[in-house]
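Reviewing the structure listed below.
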Amino acid sequence: MDAFFASVELLRYPELRGQPVVIGGRNATPVLQADGSHQFARLRTYVGRGVITTATYEARAFGVGSAMGMMKAAKLAPDAILLPANFEDYRHYSRLFKQAVAVIAPQIEDRGIDEIFIDLTDVEGETDELAARIKQAVFDATGLTCSIGITPNKLLSKICSDLNKPNGITILGFDDIPERIWPLNVRKVNGIGPKATAKLASLGIETIGQLARADQGMLQDYFGAHYASWLTQAAHGIDQRVVANRAMSKSMSRETTFERDLHARQDRETLSGILVTLCDRLAEDLKRKGYVSRTISIKLRYDDFQIVSRNVTVPEPVADAAAILQAARECLKRVPLQRKLRLLGVRASTLEVPGAAAHKPLPVQGDLFA
DNA sequence: TCTGGGGTCCTAGGACCC
DNA sequence: TCTGGGGTCCTAGGACCC
């Protein structure tokens, strides 16, 4: 989806169309005026720790974008309109667009709130006509635009879906790789993040084409055999992964960054209240999905941004807030609490659906020596 | 007064079992 | 002058993604 959160907000506030708008923070709810219009906050008035989750393309023209600190963004685009995130709305539109696509092509893999992989192998129709149909269905259901890449596999489609944003269609075959993929920066590959990009740059590798030609032995020395081999395959556009409809979540979590850093002793009451709230919310989430959990974890971020986690496996799966809280407190006892804290989180993993027969995945036929 | 919140997958060591 | 080979589960951290 194109600038998803911001685009959903524009459905509600169409008067903001064409303006730089950013989504983020907690307390920038527009105020309804007596004349029926809204008073919107400007980015320059923002004080606090938030980051931008989404920016309209007009805002991006100022150099602001996702994950940028809002204080920094305010310097680049002080007059941009600031709106708080409404995740309920986004989840609603997320369901709508996914359902609309599913009518045309049922084989779908979820990639988060605003993105999916679609297997079009067995769907009738010409490629370009299919892309147009999908975009139209999404628009009819939501009033929102999306961008589509159609290629032989997930890796290439992910790259291509980004090449013609917003409202774009990119169709590409293996033969097009040298011309259209190899000039791109390695960072465009899903799975090459900031760390790997920096390491590759230090080896003189900037583009996907350079990566494709890189010496395998050198890559192995720097990245290990497994990742090195994946890098080379990726650079050649090779990706055998299937579009998999995952039925169950692996984990669910709730976390929060505090308005100011808190100390385990001085701010004991405040922290305790936050922990209780997080456990309550997590329990709600689990119950809504019908999950129970056997592993409860806590996550702390210290004021120096170091992250630590502790987890405990409980003898019987839990879903209620009190049991989660108890497990979380067990974990907290095992973590150093000298430094001030910036973030606290609680996670439930090893999820099960009570009553459902324990589902063991079938062993995959090995291809190891083929 | 840089740096959110929700996830997935991988690695690696240790305990423990047969 | 020893201490195999296979497996599972648990824990902690890290890279990466939306």
Side-chain angles (χ1 to χ4, degrees), chain A residues 1-5 22-26 44-54 64-76 84-85 87 90-91 94 109-117 146 154-155 158-159 161-162 186-199 223-227 230-231 234 241 244 246 248-261 278 281-282 285 289 294-315 327 330-331 334-336 342-351 360 363:
Chain A
M1 301 298 287
D2 298 325
F4 184 53
F5 295 179
V22 301
I23 314 299
R26 288 168 183 163
R44 75 150 68 79
T45 65
Y46 183 81
V47 180
R49 299 189 136 162
V51 298
I52 288 179
T53 60
T54 323
V64 310
S66 299
M68 178 181 285
M70 297 237 285
M71 302 299 285
K72 183 176 173 187
K75 287 179 180 144
L76 293 168
F87 284 94
Y90 310 149
R91 277 192 286 270
S94 178
E109 177 178 330
D110 243 293
R111 290 280 305 169
I113 197 161
D114 75 332
E115 195 174 285
I116 51 177
F117 283 120
C146 59
K154 297 205 287 191
L155 182 103
K158 173 60 182 160
I159 294 174
S161 69
D162 252 353
V186 292
R187 188 68 177 81
K188 296 282 184 189
V189 175
N190 201 240
I192 301 182
K195 303 278 182 181
T197 300
K199 220 158 152 182
F223 294 98
H226 187 76
Y227 194 65
W230 177 82
L231 282 172
R241 294 171 303 166
R246 283 182 300 267
M248 266 198 72
S249 304
K250 308 276 184 183
S251 71
M252 304 186 78
S253 68
R254 286 283 181 161
E255 65 183 52
T256 188
T257 296
F258 316 136
E259 312 260 336
R260 62 176 180 88
D261 295 340
L278 290 170
R281 287 190 184 153
L282 185 55
D285 296 341
K289 293 274 188 180
R294 288 194 48 235
T295 308
I296 303 298
S297 319
I298 58 148
K299 167 178 163 184
L300 302 181
R301 199 198 309 258
Y302 295 109
D303 56 2
D304 64 354
F305 263 76
Q306 194 207 338
I307 293 170
V308 297
S309 67
R310 294 291 183 270
N311 68 71
V312 61
T313 298
V314 292
E330 290 299 314
C331 293
R334 312 206 310 258
V335 87
R342 175 183 180 95
L343 169 148
L344 177 59
V346 185
R347 170 181 305 270
S349 52
T350 324
L351 302 180
K360 294 268 184 203

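Model, not experiment: these values are computed from the prediction. Numbers restart at 1 for each chain; the letters A, B, ... are given by sequence-line order, proteins then strands.
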What verdict does the salt bridge (Lys or Arg N to Asp or Glu O under 4.0 Å) test give for R49(A) and E259(A), after you've listed the backbone C-alpha separation in whole Å, the side-chain angles of each residue and the deciding distance to 0.1 Å? CA-CA 7 Å; R49(A) 299 189 136 162; E259(A) 312 260 336; over 6 Å; no

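- Among the atoms of the strands shown, none is found under 4.0 Å from any heavy atom of I52(A).
- A heavy-atom distance below 4.5 Å is found between the side chains of S249(A) and L351(A).
- Shown here for C146(A) and M1(A), the closest heavy-atom pair between the two residues is CB-SD, 3.8 Å.
- Using cut-offs of 30° and 60° on the angle between ring planes, the pair Y90(A) and F87(A) is perpendicular.
- Residue-to-nucleotide proximity on DNA chain B shows that, of L278(A) and M71(A), the 5′-proximal contact is made by M71(A).
- Side-chain atoms of F4(A) and T53(A), non-hydrogen and from C-beta on, never get closer than 4.5 Å to each other.
- Rounded to a whole angstrom, the distance from the C1' atom of dG4(B) to that of dC17(C) is 14 Å.
- Within the 4.0 angstrom heavy-atom criterion, no nucleotide atom of any strand lies near V335(A).
- R26(A) comes within 4.0 angstrom of the backbone, heavy atoms only, and of no base.
- A85(A) comes within contact range of no nucleotide atom at all, as no heavy-atom separation falls under 4.0 Å.
- K72(A) comes within 4.0 angstrom of nothing in the nucleic acid, heavy atoms only.
- Helical stems in DNA chain B, defined as runs of 3 or more consecutive Watson-Crick or G-U wobble pairs with both donor-acceptor distances under 3.5 Å, are listed by first residue as B:5-18 with C:5-18.
- Between K154(A) and E109(A) there is a salt bridge, with a side-chain nitrogen of the basic residue lying less than 4.0 Å from a carboxylate oxygen of the acidic one.
- Here G48(A) lies in heavy-atom contact (under 4.0 Å) with sugar-phosphate atoms only.
- As rounded to the nearest Å, dG7(B) and dT3(B) have P atoms that lie 23 Å from one another.
- Using a 4.0 Å heavy-atom cutoff across all strands shown, R260(A) reaches no nucleic acid atom at all.
- Contact record, C331(A) with I298(A): CB-CG1, 3.5 Å, taken as the closest heavy-atom pair.
- Looking at which nucleotide of DNA chain C each of G112(A) and R334(A) is closest to, the 5′-most match is held by R334(A).
- If you check every strand for non-hydrogen atoms under 4.0 Å, E115(A) touches sugar and phosphate atoms only.
- Positionally, the nearest nucleotide of DNA chain B for M68(A) lies more toward the 5' end than for the other of M68(A) and S249(A).
- Running 5' to 3' along DNA chain B, contacts with non-hydrogen atoms of chain A at under 4.0 Å begin and end at dT1(B) to dT11(B).
- Here K158(A) lies in heavy-atom contact (under 4.0 Å) with sugar-phosphate atoms only.
- Looking at heavy-atom distances under 4.0 Å, T256(A) makes contact with sugar-phosphate atoms alone, never a base.
- P194(A) places a side-chain heavy atom less than 4.5 Å from the side chain of R187(A).
- Between D285(A) and R254(A), at least one side-chain N (NZ, or NE/NH1/NH2) sits under 4.0 Å from a carboxylate O, which counts as a salt bridge.
- The main-chain N or O of V335(A) is never found under 3.5 Å from a side-chain atom of R310(A) such that the two would form a donor-acceptor pair.
- The residue F305(A) sits close to a base: some heavy atom pair falls under 4.0 Å.
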